[in-house]
Amino acid sequence: MQELTVPTQSRTEFVDITAEVNRAVHAEGVAEGVCHVFVPHTTAGVTINENADPDVTRDVMAVLERLVPRDAGYRHAEGNSDAHAKASLVGSSLTVPVAAGRLVLGTWQAIYFCEFDGPRHRRCLVAAIAK
Ligand code: ZN
């Protein structure tokens, strides 16, 4: 298993980690199989979306902000319930096929680490499993 460190700069941010995950798959030495990406945090997650137009991730973040406003009378005393809810909405893991030692993604797909309570230094675990 490989561990990535993902430094985030803002409270809410999508970081394209596709190249780092590909490097981790290479380090695992798996030519064909699946890659499991897991984010071990409760206020961050991981998702796949378009990497061609940066407005797409901005729009997705705006949708999450409208769905889950920062302050809405939450009970959790830490004051970051919106981040916990957004993390649950995007989820904490992904499985991507691997062929010829690389992630098999669609032309416009990228893997995004989703920060909802940054800036922080985050971790992301990558396990490639041979078929
Ligand atoms: Zn909390």
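One-based numbering, in listed order, for ligands and for the atoms of each. Predicted, not measured: the structure shown is a model, and the values here were computed from it.
With a 4.5 Å cut-off on side-chain heavy atoms, Y112 and N51 count as touching. With contacts defined as side-chain heavy-atom distances shorter than 4.5 Å, the pair R70/R11 qualifies.
For the Zn ion (ligand 1), the nearby protein N/O/S atoms, meaning those under 2.8 Å, are H76 NE2, E78 OE1, N80 OD1, H84 NE2.
With respect to K86, the side-chain contact (heavy atoms from CB on, under 4.5 Å) criterion is satisfied by exactly one of D117, L67, L64: L64.
A pairwise comparison of heavy atoms in G45 and F116 identifies N-CE1, 4.4 Å as the closest pair.
Hydrophobic clustering, with ILVMFWY side chains joined whenever heavy atoms are under 4.5 angstrom apart, keeps F113 apart from F14.
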Does T43 form a side chain to side chain donor-acceptor pair (under 3.5 Å) with H84? I'd like the steps, not just the answer. CA-CA 5 Å; T43 56; H84 289 291; 5.6 Å; no

